[in-house]
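Step one of this worksheet: look at the structure below.
In this text, all values refer to a predicted model and were calculated from it rather than measured experimentally.
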Amino acid sequence: MHTSWAQLAREVSDCTACPLCEGCTQKVMGQGDPKAPLMLIGEGPGEQEDLQGLVFVGRAGDLLTKMLAAIHLPRDRVYICNTVKCRPPKNRTPKPAELEACQPFLLQQIALVQPKVIFLLGSTAVRVMLGPNYRITQCRGQWFERGGMKIIATFHPAALLRDPRRKHETWADLQMVRDELKAQSLYAGLLP
Ligand code: SF4
């Protein structure tokens, strides 16, 4: 059955499928163009996201905005979400059972957006989308294909803030995303 955005928002809002809902201020589903050809998937809401109800705000969010700007993409032309919709306590990594509980929402978001290219930000998104045996350090910068979508991973912006030496690898990954969008004739339509 095809879920609408309104129905999905209601389901997420009402969800108590894992304990993360007990400690969060609000659910953070995602934002951006709901028909974007490029979808970005991070890990989960942090403190500012939890307070503001928005994905990727604060320092990591600012860096993500700059990363997209480096390939001339405005944030509002892509769709951005996370693997879990509730903030894990003290920003810890979501547990496998929490990821599993929230995955149906992520899959519904993908089904609604129908992106052509998915950009995974960090190891948690890699595990959820590619499988538990994949490691960000090994699989970043490589294309994967799932269900007709091209998928590539890079480091999470928060990890880049902790270790800026990784930025040159992320720049290479961003260029691969840009080039794939160009190859699929999708890039020009995303420019401001
Ligand atoms: Fe539900 Fe996801 Fe929140 Fe867990 S993290 S309560 S599965 S919305």
Inset, instruction - Measure the shortest side-chain to side-chain distance between Met39 and Met149 over non-hydrogen atoms and say whether it is less than 4.5 angstrom. - result: no

Legend entry - Distance (rounded to the nearest 0.5 Å) between Ile151 CD1 and Leu130 CG: 5.5 Å

Inset, instruction - Let me see the working for Val177 and Leu181 under side chain to side chain contact (heavy atoms under 4.5 Å, CB included), right down to the final yes or no. - result: CA-CA 6 Å; Val177 169; Leu181 290 169; 4.0 Å; yes

Inset, instruction - Answer whether the closest heavy-atom distance between the side chains of Leu40 and Val55 falls below 4.5 Å. - result: no

Legend entry - Gln103 atom CD, over 12 foreign heavy atoms within 6.0 Å: yes

Legend entry - Nearest-0.5 Å distance, CE of residue Met176 to OG1 of residue Thr154: 10.0 Å

Legend entry - Side-chain heavy atoms of Arg166 within contact of Thr137, under 4.5 Å: yes

Legend entry - Close side-chain approach of Lys85 to Gln109, heavy-atom, < 4.5 Å: yes

Inset, instruction - Would you please classify the geometry between the Trp5 ring and the Tyr79 ring as parallel, tilted or perpendicular, with 30° and 60° separating the classes? - result: tilted

Legend entry - Lys182, NZ atom: more than 12 neighbouring heavy atoms under 6.0 Å: yes

Legend entry - CZ on Arg127 to CD on Glu43, rounded to 0.5 Å: 8.0 Å

Legend entry - Gap separating the CZ atom of Phe119 from the CD1 atom of Ile80, nearest 0.5 angstrom: 11.5 Å

Inset, instruction - For side chain to side chain contact (heavy atoms under 4.5 Å, CB included), just list the numbers for Tyr134 and Val128, CA-CA rounded to whole Å, side-chain angles, deciding distance to a tenth of an Å, and then say yes or no. - result: CA-CA 9 Å; Tyr134 287 83; Val128 168; over 6 Å; no

Inset, instruction - Look at atom CZ of Arg59 and say whether more than 12 heavy atoms of other residues, nucleotides or ligands are closer to it than 6.0 Å. - result: no

Inset, instruction - Check whether any side-chain heavy atom of Asn82 sits under 4.5 Å from a side-chain heavy atom of Phe56, and report yes or no. - result: yes

Legend entry - Residue pair Tyr187 / Leu73, side-chain heavy-atom distance below 4.5 Å: yes

Inset, instruction - Enter the distance from Gln26:CD to Asp50:CG here, rounded to the nearest 0.5 Å. - result: 6.5 Å

Inset, instruction - State, yes or no, whether a side-chain contact exists between Leu106 and Met129 at a heavy-atom distance under 4.5 Å. - result: yes

Legend entry - Crowding at CZ, Arg92 (>12 non-hydrogen neighbours, <6.0 Å): yes

Legend entry - Lys35 bridged to Asp33 by N-O distance under 4.0 Å: no

Inset, instruction - Give, for atom SG of Cys139 and atom CG of Asn133, the distance between the pair rounded to the nearest 0.5 Å. - result: 11.5 Å

